[in-house]
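Below is one structure, written out as C-alpha cells; the observations come after it.
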Amino acid sequence: MDTPTPLVAGNWKMNGTSDQITEFKKLVQLLSGNSSAQCQVAICPPFTLIAALAAEGAESVHVGAQDCHAELSGAHTGDISAAMVADAGAKFIIVGHSERRADHEEGSELIRAKAQAVYKAGVTAIVCVGETESERDAGKTEDVVLGQLLISLPDDATSTNTVVGYEPVWAIGTGKTPTVADVAEIHTAIRGALVERFGDDGHMLRIIYGGSVKPSNAKELMTAENVDGALVGGASLKAQDFNGIIEAYRA
Ligand code: 13P
C-alpha cells in the first residue's frame with residue numbers, strides 16, 4: 001500500500017517581523033545544500049509575512065497560514081479569509097490550533113466551518129486536535145481527540161485537502177513529550193477513525209505530531225507508527241533547528 005509523503009510544518013505563532021525573513025532564507029539555503037529530504041516542508045508565519053515569504057519563490061518550502069475566517073469575504077472587521085491567504089501564496093492553513101481553541105473559545109463546529117472555507121479557497125487544511133493535561137490524567141485522551149476530530153473534520157475531507165495535527169496541549173511549549181508508544185497509540189486510534197469514516201483514503205490522510213518537537217527527539221517521534229510528520233512551534237523559528245528536525249527524513 002502507498003504511504004503518505006510526510007509533512008514537516010513550522011508554526012511561527014505570533015512571532016516574527018520582517019527580520020525573521022532571514023531565517024526563512026537560511027532554511028531554503030540549508031535545504032538546497034543538503035541531500036533532499038523525503039518530506040514536504042512548510043512554514044506558517046504570521047499573516048503579515050505570508051506574501052513576503054511566498055515571494056521568495058522557494059520550491060523546497062511551502063508557505064502556510066495559522067488561521068482563517070469561516071467565510072471567504074464580508075463584513076468581518078479585522079479578520080482574514082482563506083481566499084486572502086491563498087491569494088498571498090499560502091498552500092496550507094492551520095485551523096483549530098489549541099491556542100485558538102483556548103484564546104478565542106473556538107469550538108469544533110467553527111473549526112469544521114473554517115476547514116470548509118480552506119477547501120473552497122483550494123488549499124490544504126491542517127486540522128488540529130489534542131487533549132489537555134487534566135483530560136489525559138483522567139484517561140480521556142482518546143475520547144477527547146476522536147470526539148474533536150469527528151466534529152472538526154468536514155465530510156468532504158480527503159488526503160489532498162486535509163492533514164490532521166495531533167498536539168497534546170500539555171506538550172506544547174513545555175519541553176514535555178508523550179512517549180513514542182503513547183504517540184503511536186493515539187495516532188493509530190486516529191488512523192482507525194479516519195479509515196472508518198473515509199475508507200481507503202483514510203490510510204493516506206497525514207497525521208502529524210506536534211508538541212515540543214526538537215532536533216534531539218524528532219527522529220524517535222517520527223518513527224512512531226502512523227506519524228506522518230511534525231508540527232513544530234518554537235524550534236521552527238531558527239532555520240538550523242528546524243533543519244535538524246527535517247533531518248529525521250533524510251536517508
Ligand atoms: P512547540 O513546538 O513550541 O511545543 O509548539 C507546538 C505547536 O503548537 C505547533 O503548532
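Both counts, for ligands and for their atoms, begin at 1 and track the order of listing. Only this structure's heavy atoms are used, side chains among them; waters, hydrogens and symmetry mates stay out. Computed from a prediction, not measured in an experiment: that's the story for all the values here. Residue indices begin at 1 and follow the sequence shown.
For ligand 1, the atoms closer than 4.0 angstrom to any heavy atom of Leu231 are 9 (C), 10 (O). Numbered from 1 in the order shown, with element, the atoms of ligand 1 that lie under 4.0 Å from a heavy atom of Asn11 read 9 (C), 10 (O). Residue contact check: Lys13 has heavy atoms under 4.0 Å from atoms 5 (O), 6 (C), 7 (C), 8 (O) of ligand 1. Those atoms of ligand 1 that come under 4.0 Å of a heavy atom in Gly173, given as number and element, are 1 (P), 3 (O), 4 (O).
Residues meeting the side chain to side chain donor-acceptor pair (under 3.5 Å) test with Trp12, sequence neighbours left out: none.
With Gly233, Pro168, Ala171, Gly10 as candidates, the residue nearest to atom 1 (P) of ligand 1 on a non-hydrogen basis is Gly233.
The N/O atoms of Gly234, backbone and side chain alike, include one that comes under 3.5 Å of an N/O atom in ligand 1. No N or O atom of Thr174 sits closer than 3.5 Å to an N or O atom of ligand 1.
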Check against side chain to side chain donor-acceptor pair (under 3.5 Å), Glu167 and His97: CA-CA 8 Å; Glu167 298 203 303; His97 191 281; 2.9 Å; yes
Criterion side chain to side chain donor-acceptor pair (under 3.5 Å) on Ser108 and Arg101, from CA distance to verdict: CA-CA 8 Å; Ser108 293; Arg101 289 181 189 259; 2.9 Å; yes
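Glu167 OE2, 2.8 Å is the protein heavy atom nearest to atom 9 (C) of ligand 1.
Distance check, rounded to the nearest 0.5 Å: NE2 of His203 to CG of Asp2 gives 11.5 Å.
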